[in-house]
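Here is how names work: the chains are called A, B, and so on, in the same order as the sequence lines, proteins then strands, and each is numbered from 1.
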Protein chains: 2
Amino acid sequence: MSEPAQQQKNGHLVIIGGHEDRKHDMEILSRFVELSGGKDANIVVITAASTVPDDMWSMYDDAFGNLGVERRSHLELSSRQEANSEEFVRQVAEADGIFMTGGDQKRLLALLGGTALDAEMHIALKTRGATIGGTSAGASAMSGHMLAQGRVELHPEKGSVSLAAGLGLLQRVVIDQHFSERQRLSRLLTVVAQNPYLQGIGIDEDTALVVERGVGIEVLGQGAVTIVDGRTMITNVADIKDRDTPELIDVRLHLLPAGSSYRLPTDATAPGKGLPLPLLDFLEHVTKRNPIQ
Amino acid sequence: MSEPAQQQKNGHLVIIGGHEDRKHDMEILSRFVELSGGKDANIVVITAASTVPDDMWSMYDDAFGNLGVERRSHLELSSRQEANSEEFVRQVAEADGIFMTGGDQKRLLALLGGTALDAEMHIALKTRGATIGGTSAGASAMSGHMLAQGRVELHPEKGSVSLAAGLGLLQRVVIDQHFSERQRLSRLLTVVAQNPYLQGIGIDEDTALVVERGVGIEVLGQGAVTIVDGRTMITNVADIKDRDTPELIDVRLHLLPAGSSYRLPTDATAPGKGLPLPLLDFLEHVTKRNPIQ
């Protein structure tokens, strides 16, 4: 019996700022499950960012179980060989939802970056319209340029952050998490001051930025998403010494509280209804249907 | 013997974010003395913001003494009657530099606001070109709209701040102090979200914004001055409930580290050399030669 023609699925990213509720109403995880296809979805949890993968799995095993998901499994990656193995790649190829836990994004990329599993995640999102979620380190790892290291100082400070190559599921942004709780705005300003090519995204704890490729974004949870846009910024960062605070003039800042949602204009000749125009460019970047490279 | 014609003095404000160094190099207090006319200046210290005025005076008595100022005195104000008395007014009328200590800006305004002493401070600044300094509460009190009360929350929160009438030595801004140290950006964003007529100025500890009326500004000390400009902002703050976090789109943020200085264009037809244009409007507000009302 043939299935009815399915509606084209766009693929979603659920980018979580850490400490999402896993025990009570689980608003964010519940949305992740729903976007993955609901209780019948096949969900794979990648714990590679963490040095305690079994503890991580146990936590999400419980949470997804409590949300009624039966087909849930732990993709326990301990080597790049495994990330290139047919068995692991098949696990992702069959997943409707792929969830990356917290830990250290550098560890995650060291195990996963550039492997067949990484490529299969791009296929899952971009070709099959699967949902990819990530929290904390799993969120930071999603963008093409990833925050690798960064001191949190009172002020932006030249040379206090370094970037590395992330998974590239979205481009031209850099993602920080635990954002308001750990007072990371000055760190994100440092990134943007030194890398105005990127827009900075700061996601609070128990808060998610949900991206539907080609369509729009939504903010879920308890906090807010902060966006730092330095494209029109004037700065002396190129001329100052390491550890000095740069002059920053005309940084654009957006604060999107939970409950906000924005859609790309569907008619290219008319601005989107309810879309504030200063957000248009951000929205275009973050929802862009980048091809599989 | 007649004095040689003096150069017109513009009047300076030295707006300090609290905890300025009073024992070592005293960069900020030393500049305050210099702008007041140097060691020969007559400096008056107003401690009315504080409930321990003698302790405050003792601290600044030492500091200004160590800077070589001999004519220094304590204006110890304990009632509005005193603030309307000839003796107290004369003390300000003869001062080259007037310094307001920390404490509580509401207390300072309750004693000083609208009195003859208040009027004499305006004359000192605007007619005689005296220097007025203030630190912490003494800084917040300077603007026409003054932060009176405000919770510091993780996010901007509707209704979490209230304004009151300040001394009005400068207009269309609101000043917060201990800014980076006490993580007050979200509070300042709340002010600006609800009062986009005002530009927010956040001054760090041991940092001063020096304003020369009609001329320009300079940042001194160890930290930075943050400016939050919400004039082009898009927000839903009018439509949300108290304690909710507003959506804020396109807030302009400027960070001016110590060492920065900017001058108004002297030729109205040409932009100022080295003045980033997004700062022009701020500079015009803050240096404006408002008349005595």
Side-chain angles (χ1 to χ4, degrees), chain A residues 152-158 178-186 189-190 192-193 202 204-205 207 219 222-230 232-237 240 244-262 274-283, chain B residues 152-158 178-186 189-190 192-193 202 204-205 207 219 222-230 232-237 240 244-262 274-283:
Chain A
V152 170
E153 305 284 350
L154 269 189
H155 306 104
E157 193 182 289
K158 182 173 178 176
H178 304 281
F179 188 70
S180 295
E181 293 78 7
R182 298 192 188 169
Q183 308 289 359
R184 286 176 164 176
L185 177 64
S186 69
L189 284 169
T190 303
V192 169
D204 291 345
E205 294 180 356
T207 304
V219 180
Q222 298 305 310
V225 170
T226 302
I227 297 163
V228 174
D229 181 346
T232 61
M233 171 187 66
I234 298 165
T235 178
N236 63 352
V237 73
I240 62 175
D244 279 356
T245 297
E247 172 192 72
L248 300 176
I249 311 275
D250 211 22
V251 175
R252 312 291 176 99
L253 186 143
H254 315 305
L255 184 83
L256 315 181
S260 309
S261 67
Y262 309 93
L275 174 67
L277 281 184
L279 271 192
L280 177 58
D281 189 81
F282 173 74
L283 210 58
Chain B
V152 171
E153 305 284 351
L154 268 190
H155 306 105
E157 193 181 288
K158 182 173 179 176
H178 304 281
F179 188 70
S180 296
E181 292 79 5
R182 298 192 189 168
Q183 309 288 359
R184 287 175 162 176
L185 177 64
S186 69
L189 284 169
T190 302
V192 169
D204 292 344
E205 294 180 356
T207 304
V219 180
Q222 296 304 309
V225 170
T226 301
I227 298 162
V228 173
D229 181 345
T232 62
M233 174 186 65
I234 298 165
T235 178
N236 63 352
V237 74
I240 62 174
D244 279 356
T245 296
E247 171 192 72
L248 301 176
I249 312 274
D250 211 23
V251 176
R252 312 292 175 101
L253 186 144
H254 314 305
L255 183 84
L256 314 181
S260 309
S261 68
Y262 309 94
L275 175 66
L277 280 183
L279 271 192
L280 177 59
D281 189 81
F282 173 76
L283 210 59

Where does [X] contact chain B at under 4.5 Å (heavy atoms): side chain, backbone, both or neither?
X        : result
A:Phe282 : neither
A:Asn236 : neither
A:Ile227 : neither
A:Ile249 : both

message = Would you say that B:Arg252 contacts A:Val251 through its side chain, given a criterion of any heavy-atom pair below 4.5 Å between the two side chains?
response =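 Not touching, per the 4.5 Å side-chain cut-off.
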
key: Validation row: A:Thr245, B:Leu255 side chains within 4.5 angstrom (heavy atoms)   = yes

Which heavy-atom pair separates [X] from [Y] by the least distance, and what is that distance?
X        : Y        : answer
A:Pro276 : B:Ile234 : CB-CD1, 3.7 Å
B:Ser180 : A:His155 : OG-NE2, 3.3 Å
A:His254 : B:Asp250 : ND1-N, 2.8 Å

query = Checking B:Asp204 against chain A: side chain, backbone, both or neither under 4.5 Å from a heavy atom?
reply = side chain

request  = Output the distance between atom CG (B:Leu189) and atom OG1 (A:Thr226), rounded to the nearest 0.5 Å.
outcome  = 9.0 Å

